[in-house]
Amino acid sequence: MSGHRILCINLGSTSSQAAVFDDGVPIAEIEASHSAEDLKAHAGIAAQTALRKALIEKLLAEKSIDLHSIEAIAARGIGTQGRYQAGAYRVSREMAHDALSARHVGLGVGTQIAYAWQEEYGIPAYLYDVVQTDEITDVARISGTPLIARSGATHTLNTKAVARKVAAELGKAYETVTFIMCHLGGGISTSLHQNGRIVDVTSVDEGTFTPDRSGRVPCVKLLQMALSGKYTPESLKAMLSGNAGLIGYLGTNDCREIERRIAQADQQAELIYRAMAYQTAKDIGALSAAACGCVDAIVLTGGIAYSKLFTGWLHEMVSYLAPVIVRPGSMEMEALYQGVCRVLDGAEQAKEYKLGETVFQ
């Protein structure tokens, strides 16, 4: 793999990461957490784009890095709501336009920033292992109503990268193992990886609640609320994403703050935090059943995996299924860099998005 200077952008729902890699070495990095108050003050993709773009520009200025020196941009972003293959996609005008209406603000903003700098500086920009990467089996796609199909969208970028690393540590190839990967962050998802493919998932809208999202809720009660006339579409969206989860119950998305409250005998904080672990364990158990119980390892990753309290609760509930391996944090930045390096080196061909077409083949 040749050395390249690549700007990697990874924007979550509550955090911003950016790094410039030069020949595989990060020469400039930023990681910022955004409070609930900060996010409310910059609501929407346009406001968030200005906020987070300024953060990255400040980083580059402080490190005296000219954007003209960047060979490519690798972003964790979002395009259409269609199905994607794993790998690289060239950022296009159509993709950026579609991302303006993305449910996940961070991913929509990542796409906007990458496209803006591609247009302004002529830097080729790519998305890699996008959230809508969809490899699940046909039987897993059945939802219960023919009007709605289940999606395989998940934290593909980080879980595939961590799965490859853990498999190597076990002396195995990623293409030969069965892992349940649990990404614990602003969004929480579980995914079943078998023989190099994500064959089933419990996504962020059908699994546990998260720091700022509701996850699964009783659908009949939600329908009754939607039809009651008491709520606008905007207020219902906020109830499900933004003002939900830990924020909705406890007024904060900061797990460290919640653990401080628990240490001070705050019973409500412990109940809600434990409930998030309880629901996550249920998601892991469901995917174990989908694998017929034949699981090589359950791997916990993401920012919340740094919490010994939270991962300890999970270990108590699911370790009977398979060994639990904790790999906190994220490999997403390295995965973005390595993926786009493969494109620049000609080892992988970037795919092109065409508006209105199904991307998956």
Side-chain angles (χ1 to χ4, degrees), residues 86 129 131 133-142 150-211 215-216 255 273-332 334-335:
D129 277 353
V131 170
T133 297
D134 191 338
E135 304 174 318
I136 67 174
T137 61
D138 289 341
V139 70
R141 200 169 301 284
I142 304 303
R150 293 186 67 243
S151 167
T154 190
H155 291 92
T156 302
L157 182 65
N158 186 52
T159 57
K160 274 186 173 269
V162 175
R164 290 188 184 101
K165 182 176 181 181
V166 172
E169 292 171 355
L170 297 176
K172 301 179 179 180
Y174 171 61
E175 292 74 19
T176 67
V177 298
T178 297
F179 287 164
I180 294 176
M181 303 296 300
C182 188
H183 180 100
L184 305 169
I188 295 177
S189 67
T190 54
S191 52
L192 177 59
H193 297 232
Q194 286 184 321
N195 303 321
R197 174 180 171 186
I198 301 177
V199 297
D200 202 354
V201 303
T202 302
S203 63
V204 294
D205 63 348
E206 60 183 10
T208 181
F209 66 88
T210 79
R216 56 177 168 258
C255 294
Y273 202 44
R274 188 182 286 272
M276 192 166 77
Y278 174 84
Q279 291 191 11
T280 302
K282 288 172 64 176
D283 296 342
I284 293 170
L287 289 181
S288 174
C292 300
C294 299
V295 179
D296 294 306
I298 297 163
V299 183
L300 311 180
T301 185
I304 301 176
Y306 282 108
S307 168
K308 292 183 179 179
L309 178 63
F310 194 86
T311 58
W313 286 338
L314 284 177
H315 188 277
E316 290 174 2
M317 288 184 278
V318 304
S319 59
Y320 75 96
L321 297 170
V324 177
I325 298 173
V326 182
R327 291 293 180 269
S330 170
M331 286 187 62
E332 290 178 341
E334 294 90 340

* Starting at CG of N158, measure out to CZ of R327 and round the result to the nearest 0.5 Å. => 12.5 Å
* Asked: If you take all heavy atoms of A297 and I325, which pair is closest and at what distance?
  -> CB-CD1, 3.8 Å
* Structure fact -> For A153 and V201 the tightest heavy-atom approach is O-CG2, 4.0 Å
* Hey, does P211 have a side-chain heavy atom less than 4.5 Å from the side chain of I304? -> yes
* Asked: Hey, mind stepping through T156 and I198 against side-chain contact (heavy atoms from CB on, under 4.5 Å) and telling me if it holds?
  -> CA-CA 8 Å; T156 302; I198 301 177; 4.1 Å; yes
* Structure fact -> Contacts of L309 meeting side-chain contact (heavy atoms from CB on, under 4.5 Å) (sequence neighbours excluded), chain-then-number -> E259, I262, Y273, S307, W313
* Mind jotting down which residue pairs meet the side-chain hydrogen bond (donor to acceptor under 3.5 Å, both in side chains) criterion with at least one end in residues 186-199? Sequence neighbours excluded, please. => T154-S189, H155-S189, Y174-H193, T190-T202, S191-H193
Table please: side-chain donor-acceptor pairs of residues 283-294 below 3.5 Å, with sequence neighbours left out.
{"from": "D283", "atom 1": "OD1", "to": "R216", "atom 2": "NH1", "distance (Å)": "2.7"}
{"from": "D283", "atom 1": "OD1", "to": "R216", "atom 2": "NH2", "distance (Å)": "3.4"}
{"from": "D283", "atom 1": "OD2", "to": "T208", "atom 2": "N", "distance (Å)": "3.0"}

* Asked: Does a side-chain heavy-atom distance below 4.5 Å link I188 with Q279?
  -> no
* Does the pair F310 and L300 meet the rule for a side-chain contact (heavy atoms from CB on, under 4.5 Å), with working shown? -> CA-CA 11 Å; F310 194 86; L300 311 180; over 6 Å; no
* Apply side-chain contact (heavy atoms from CB on, under 4.5 Å) to P323 and list each qualifying residue two or more places apart in sequence or on a separate chain. => none
* Structure fact -> Rounded to the nearest 0.5 Å, the CE atom of M331 sits from the CZ atom of R164 at a distance of 9.0 Å
* To do: Using a 4.5 Å cut-off on heavy atoms from C-beta on, say whether the side chain of V177 contacts that of L170.
  => no
* **Summary of salt bridge (Lys or Arg N to Asp or Glu O under 4.0 Å) pairs that have at least one residue in residues 307-319, sequence neighbours excluded** => none
* Which value, rounded to the nearest 0.5 Å, describes the distance between T159 atom OG1 and H183 atom NE2? -> 8.5 Å
* Asked: A161 and A335: which non-hydrogen atoms are nearest, and at how many Å?
  -> CB-CB, 3.8 Å
* To do: Find out whether L184 and L314 are in side-chain contact, i.e. whether some heavy atom of one side chain is under 4.5 Å from a heavy atom of the other.
  => yes
* Structure fact -> By side-chain contact (heavy atoms from CB on, under 4.5 Å), R141 pairs with (sequence neighbours left out) R83, D134, I136, A149
* **T301 to G329 - nearest heavy-atom pair and separation** => OG1-O, 3.1 Å
* Structure fact -> Note: A305 and V326 closest approach over all heavy atoms is O-CG1, 3.6 Å
* Got a salt bridge between K165 and E334, using NZ or NE/NH1/NH2 to carboxylate O under 4.0 Å? -> no
